[in-house]
**Student:** 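The following block contains the structure, expressed as structure tokens.
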Number of protein chains: 2
Amino acid sequence: MAQVKLSDIAKELNVSVTLVSLVLRGKAKENRISDKISKEVLKKAKEMGYQPNQMARGLRTGKSHIIGLVVADISNPFFGKIARQLENEAWDNGYQLMFGSSDENPEKSQRLIQSFVGRSVDGLIIAPTADSKEQIERLQQQKVPFVLIDRYFNDLKTPNVVVDNFDSSYEVTKLLIQKGYRRIAAISYSSGLQHIDDRVEGYKKALEDYSQDIDPQLMRAVTPENIDTDLQGIISELLSDDVNADAIFFATNIIGIKGLKILNKMNKKIPEDIAIASFDNPESYALFPTSITCIEQPIEEIGKKALQELLKQINKGKEKTETKDYVLKTKLLVGNSI
Amino acid sequence: MAQVKLSDIAKELNVSVTLVSLVLRGKAKENRISDKISKEVLKKAKEMGYQPNQMARGLRTGKSHIIGLVVADISNPFFGKIARQLENEAWDNGYQLMFGSSDENPEKSQRLIQSFVGRSVDGLIIAPTADSKEQIERLQQQKVPFVLIDRYFNDLKTPNVVVDNFDSSYEVTKLLIQKGYRRIAAISYSSGLQHIDDRVEGYKKALEDYSQDIDPQLMRAVTPENIDTDLQGIISELLSDDVNADAIFFATNIIGIKGLKILNKMNKKIPEDIAIASFDNPESYALFPTSITCIEQPIEEIGKKALQELLKQINKGKEKTETKDYVLKTKLLVGNSI
DNA sequence: TATCTTCGCTCTATCGTTTTAGCTAACATT
DNA sequence: AATGTTAGCTAAAACGATAGAGCGAAGATA
């Protein structure tokens, strides 16, 4: 059973396709279509189960009412939650989402973005990978509306919705110092991601400000690809008598979850054997016996703001859009892990 | 900068649009386009950064190369992981995904499905909610290719990719009995979802087969909407002297995670105070100090199979497709929680 | 009665592709 | 020299919607 189209309805009622189109789009009044015919059309359309063909409509109007979402990995709960928030907000505004996972790989990201552009998405929400600056610049040239989330490029003027990574890390590190920890380690990604670097910088700044030594042995990084193998070794080293860390700051949820898993397996007591703090507050942490001190991101707000900002851009059309930068505040949740 | 189109390339090279189209789709040889012109077209297209307009192409060919995914909630890690698997498999076959979350709400599910159909998706992967049987039947009438995952309707002949819910629950319950537990509770959803019912049935059958009483006080259910409030009360009751459960079987990952969270808060020792088993093996469980006995679903396989089956349907076109039913095996992971 | 408005609708072009059919020039065949 | 083939391309019609211009009849105005 083929989809019913405007012309099918028109034929049934012996009216023009245009009339049907106008009525169904609610433009009957302003085009002085009689109420009688209007009602008939509406009725018939419902009866026949008419669903507008969005490809045809999109081709004609140039709007797809689709938003493309590029994240590192949709199965990462952080991005999953953001996706969900975006979805809700988009749906309420008549949009739907397509998504793609970049795996922090710039080539993949590029393919995804260009594919979305080819599909004439009306806009993009992107959590950009490292080394994807050119892609974003190209997008700007192409005048495709987009908003960056979670990450950003500090030498690129783009609309971003991010959190105050530096300050948050600074605060949690400061707290650790105040609690008396003196060998505070940090484990981050060595991936060239600005927002991760910011987190590390915040950590370092706090150490400096409170006259702590910055020991390279304590500042460690894993690569996203080898995290599973890397992390085990790093944590062992940090806990060795040689390095002797008394606290670890995990710079992301993934690192945190995997890190805690490892500590669990090593039967380490927290905070007795080692204190823990983490960026992000994934649901998993609630299952850990000790409540984890963490920096909770306002995920709902990120999604909401990002979509609102994107819609603003989309609706402004060709007018110049001053690009707003949203730096949202995180929440420091102090648990028993420190 | 408007997107470059076929006619732009054609104009530049003084050839017809048809020729450009043929060349770019690799149909040059069979249409005996000269190598010389072919190369020129390819070069020019690259130079101008041509990206086919998928809406136009889709309108003409009737194929969108989009697959619609309807799940209960994309931010549920179970569905997030499935989504990811589907994405990979889809991408390798030239497809991309749109998604929508139904929140177990049939109206929302209906809106989503019809919206996807209106977008001319080439197929749908659906984790159907309760009371959505009519929607699925309608889909069948509309001859839209689709595959159901995770859930199914036992009186509807559809292509499904599910796990052996009954057997898995039976096995884990049997194991609990064999370990000596005599007051085994089960907490499930009261949502009319067949697969959840199957899990409960498996649990009951094991109790029967091993001559255990089936105590209604031990068979509890929460509603998806009120899970947070419901669960706390139910667990308290189960642990009361009155009911005196010695083991709890959580029927889903959501219930399990929230349940463990509550037990953590109540400072219950597992398995000393209460033994625990669960359907699903979310990553969170790894952070729980006691390894959880659980039924692990082959998520990768579900995604892969579902997409392959869908592609089969899509490619068969109008031919009759015998609908295969895939019932995948789960893995019983025995932990220290029992 | 002739002209002007308004009403209620229709005609036609268009969006960027793909697809079918066909056209022209060059060459081969008899 | 007339005819048939083939190579190499092009023209035109879709796909299903939207948008702008237009058109005939009825009522209003002079």
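Labels below follow one simple rule: chain letters A, B, ... track the order of the sequence lines, proteins then strands, and each chain is numbered from 1.
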**Student:** Under the side chain to side chain contact (heavy atoms under 4.5 Å, CB included) rule, what do B/Gln54 and B/His65 come out as? Steps first, then yes or no, please.
**Tutor:** CA-CA 9 Å; B/Gln54 300 292 350; B/His65 283 264; 5.8 Å; no

**Student:** Please give, in whole Å, the distance from C/dC15 C1' to B/Gln3 CD?
**Tutor:** 14 Å

**Student:** Think A/Arg25 has a side-chain N or O under 4.0 angstrom from the OP1 or OP2 of D/dT18?
**Tutor:** yes

**Student:** Rounded to whole Å, please give me the gap between CE in B/Met55 and P in D/dC15.
**Tutor:** 18 Å

**Student:** Within 45° of the axis and under 6.0 Å from the centre of the six-membered ring of B/Phe153, does NZ or CZ of B/Lys133 qualify?
**Tutor:** no

**Student:** Look at the side-chain N and O atoms of A/Arg57 and state whether any lies under 4.0 Å from the OP1 or OP2 oxygen of D/dT18.
**Tutor:** yes

**Student:** Quick one, B/Val147 and B/Asn160 - any side-chain contact, counting heavy atoms below 4.5 Å?
**Tutor:** no

**Student:** Less than 3.5 Å between a donor and an acceptor, one on the side chain of A/Thr18 and one on the base of C/dC11, is that the case here?
**Tutor:** yes

**Student:** Would you check, one step at a time, whether the test side chain to side chain contact (heavy atoms under 4.5 Å, CB included) holds for B/Ile9 with B/Met48?
**Tutor:** CA-CA 8 Å; B/Ile9 303 180; B/Met48 301 177 72; 4.0 Å; yes

**Student:** Would you kindly give the CG-to-P distance between B/Leu6 and D/dA11, to the nearest whole Å?
**Tutor:** 15 Å

**Student:** For D/dT18, does either OP1 or OP2 sit under 4.0 Å from a side-chain N or O belonging to A/Arg60?
**Tutor:** no

**Student:** Would you say D/dT18 has OP1 or OP2 under 4.0 Å from some side-chain N or O of A/Ser21?
**Tutor:** yes

**Student:** Considering every strand and a 4.0 Å limit on heavy-atom distances, what is the contact class for B/Ile37: base, sugar-phosphate, or nothing?
**Tutor:** sugar-phosphate

**Student:** Taking 4.0 Å as the cut-off, does a side-chain nitrogen or oxygen of A/Tyr50 come that near to OP1 or OP2 on D/dA17?
**Tutor:** yes

**Student:** Whole angstrom is fine here: how far is it from CG in B/Asn31 over to P in D/dA11?
**Tutor:** 16 Å

**Student:** Ignoring the backbone of A/Ala56, work out which of D/dG8, D/dG16, C/dG16 is nearest its side chain.
**Tutor:** D/dG16

**Student:** Kindly indicate, with the supporting measurements, whether the criterion side chain to side chain donor-acceptor pair (under 3.5 Å) is fulfilled by B/Gln194 and B/Arg151.
**Tutor:** CA-CA 7 Å; B/Gln194 185 61 50; B/Arg151 301 94 177 276; over 6 Å; no

**Student:** Find the distance B/Leu19:CG to D/dA7:C1' and express it as a whole number of Å.
**Tutor:** 13 Å

**Student:** Which nucleotide, D/dT10, C/dT10, C/dC15, lies nearest any side-chain atom of A/Leu59?
**Tutor:** C/dC15

**Student:** Taking atom C1' of C/dC15 as reference, at what distance in whole Å does atom CD of B/Gln54 sit?
**Tutor:** 15 Å

**Student:** Are any of A/Ser34's side-chain N or O atoms less than 4.0 Å away from OP1 or OP2 of C/dC7?
**Tutor:** no

**Student:** Take atom CD of A/Gln51 and atom C1' of D/dA17, then tell me their distance rounded to the nearest Å.
**Tutor:** 14 Å

**Student:** Roughly how many Å is it from CG in A/Leu13 to C1' in C/dT10, rounded to a whole number?
**Tutor:** 15 Å

